[in-house]
Structures are given as C-alpha cells and as structure tokens.
Amino acid sequence: MTRNHKPKLAVWKFASCDGCQLSLLDCEDELLEISAEVEIANFAEASRAVVNGPYDLSLVEGSITTPHDEQRIHKIRRWSKFLVPIGACATAGGIQALRNFADVQKFVSVVYAQPQYIATLNKSTPISDHVFVDFELQGCPINKLQLVELLSAFLAGRKPNVPRHSVCVECKTKGNVCVMVAGGEMCLGPVTHAGCGAICPSYNRGCYSCFGPQESPNTSSLSHWLGEHGREKRELVRAFREFNGWAEAFRRESESHEK
Ligand code: SF4
Ligand code: SF4
C-alpha cells in the first residue's frame, strides 16, 4: 500500500490498569510490521517520544473518572480522525464503575486520610458517554488478534471484522461440554461478546463476562433460566455486576433483580 505519509497512531490512558496497552506490546511479531506501517506518535508504554497531533487513529484505554479526564477526552477527540476505545474500562466503565452503584463520597472518606484533596466524579463512565467513537474493542483485556485486525482494517480503509456472536459459539466450536447445562455452573457465555476463545469453560468453569455484552444479548432469558435452576436474585445481581457491570444491558439486568 503506497502512502504519502505514515498514519499517526496515538495511544491514550485514562483510569485503567494498562493491560490493554500491554496487549498491543504483546503483539510482538506483528508489532514490527505495524510500526513499519504507522508512525507511533504517542504511546507512553512504548516510548517517551511524543509527536504532536492531529492523529489519524487514537486508541483510548480507561474510563472517565475525574473532571480533568472529562476535559482531556474532548481534546483527544478534536485531535483524532478516528477514535477507538479499547477494553472494558473504556467501553463500559470497567471494574471501577462498581462505585456507580454506591456513594463514591463514602468510599473517599474511608479510603483517604485527606479526602479534601481527591477530585473525582461520582461515576466511572465509558468514553462513548462523552465523545463520538468510531468503533469499540471490548475485553478485559482486549484480544490481541482483534487488535491486529482493527489496525489492519484501519490501514486498509475497511470496517474491522470482529465477530459479534457470543462466547457460546466459541465454546461449541471447541467442542466443550457446557459447564452450565451439564455441570450447573453459573456461566454468562450466552450473553458475552466473543474474543477469548471460551477460555474459562475450556477449563471447566463458567464465564464471568470479561468481554462484556455481545450484540443484542438476551440477558433476561439467561436470568430466567438461571432462576429456574436455583440461582437467587442476589447471585444474578453479582453475576452481571463485574468488569462490565455498567454496560447498559448488564446494568439494566442487575438492577431488575434488586427490586
Ligand atoms: S459452557 Fe458457557 S459458554 Fe460454553 S456453551 Fe455452556 S453456557 Fe455457553
Ligand atoms: S470470563 Fe468469559 S469472556 Fe472472559 S476469558 Fe473467561 S470465558 Fe472468556
């Protein structure tokens, strides 16, 4: 592919653990080819060098949790031609969004000796709550092959081909015996976005949905089945309230079992 200039790639961090950025570094073999095709203009995990914007593609890790974050994401959006949140924090608020179901000021007063110095928002929210996003890559952390596909699609000027089906499809493709139907385990595979290759059921345990909701998840049907098989409401609340608990479909489902 001939270009007059290499597209500029920037990677940004908000409230997160850096795991999704590490997925990019973990690409190893592919990273050399990627770095030949793009100019890595801002990626603190890989280099101290910072090239000023505008940027052709911004990958954003982390959720918005402070007033400063709220301002910074708007600047990044203005600097970026394409902007893609990566990971559960950036696409759903992350595990830190568990505070959204409680009073954050109570946590601040208990955890910090000098709470008056803490500037925090009441909620941890995904990037799409603040700015327009061009695509989202789910997962905690993201799958590196899906990331490579995203970058390849960007370079080729096409839509990324990331499957939208559930973990159950991956699980059946591997020939696993269903841990939920056959073993009675709680498993969120039927409503979870594919990408991990059904790791947990392959090791005989249920999926806790670190990849978040699949497209159009039928959460109420899964809850109904689980309820009929002895699961209590408080178990359903906890199941839907993990790394992606603030994703709309999971939030609505968990709240429906609190009533
Ligand atoms: S074990 Fe879980 S992911 Fe696998 S088929 Fe059963 S419900 Fe689906
Ligand atoms: S929790 Fe679910 S989505 Fe996450 S690795 Fe396990 S099976 Fe995959």
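Counting starts at 1 for both ligands and their atoms, in listed order. For this chain, numbers begin at 1 and follow the sequence in order.
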- Is it possible for you to say whether Phe211 and Val133 belong to one hydrophobic cluster, with membership spreading through side-chain heavy-atom contacts below 4.5 Å?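 Not linked; separate clusters.
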- Message: Quick one about Ser209 and Glu242 (side-chain donor to acceptor, distance below 3.5 Å, no hydrogens or angles considered), yes or no?
- Response: no
- With distance as the sole criterion, is a donor-acceptor pair present between the side chains of Arg77 and Ser58 under 3.5 Å? no
How far is [atom] from its nearest protein heavy atom, and which residue and atom is that?
atom: atom 4 (Fe) of ligand 1; answer: Cys171 SG, 2.4 Å
atom: atom 6 (Fe) of ligand 2; answer: Cys200 SG, 2.3 Å
atom: atom 2 (Fe) of ligand 1; answer: Cys187 SG, 2.3 Å
atom: atom 1 (S) of ligand 2; answer: Tyr208 N, 3.3 Å

- Message: Can you confirm if the NZ or CZ of Arg72 lies within 45° of the ring axis of Phe14 and under 6.0 Å from the centre of its six-membered ring?
- Response: yes
- Val179 touching ligand 1 at heavy-atom level, < 4.0 angstrom: yes
- Message: Using a 4.0 Å cut-off to any heavy atom of Cys196, which atoms of ligand 2 qualify?
- Response: 3 (S), 5 (S), 7 (S), 8 (Fe)
- Message: At less than 4.0 angstrom from any non-hydrogen atom of Ser209, what atoms of ligand 2 do you find?
- Response: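 Reading through ligand 2 atom by atom, the close ones are 1 (S), 2 (Fe).
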- Message: Below 4.0 Å, non-hydrogen atoms only: which portion of Pro201 touches ligand 1? Side chain, backbone, both or neither.
- Response: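 Only the side chain of Pro201 comes within reach of ligand 1.
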- Heavy-atom distances under 4.0 Å are what count here, so tell me which part of Lys172 touches ligand 1: side chain, backbone, both or neither. side chain
- Does a salt bridge link Glu248 with Arg252, judged by any charged N lying under 4.0 Å from a carboxylate O? yes
- Query: Looking at Lys144 and Glu149, does any basic side-chain N land under 4.0 Å from a carboxylate oxygen?
  - Reply: no
- Message: Please check if the number of heavy atoms outside Lys81 that lie under 6.0 Å from its NZ is greater than 12.
- Response: no
- Query: Do any pairs count as a ring-ring contact (aromatic ring centres under 6.0 Å, His included) and have a residue in residues 22-67, sequence neighbours left out, and if so which ones?
  - Reply: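 Sorted result for residues 22-67: Trp12-Tyr55.
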- Query: Do the non-hydrogen side-chain atoms of Val191 and Phe250 ever get within less than 4.5 Å of each other?
  - Reply: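 Yes; the side chains approach each other to less than 4.5 Å.
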Which atoms of ligand 1 sit under 4.0 Å from any heavy atom of [X]?
X: Cys178; answer: 1 (S), 5 (S), 6 (Fe), 7 (S)
X: Gly189; answer: 3 (S)
X: Cys168; answer: 3 (S), 5 (S), 7 (S), 8 (Fe)
X: Pro190; answer: 7 (S)

- Would you say Cys207 reaches atom 2 (Fe) of ligand 2 with an N/O/S atom under 2.8 Å?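 Within the cut-off used here (under 2.8 Å), Cys207 does place an N, O or S atom near atom 2 (Fe) of ligand 2.
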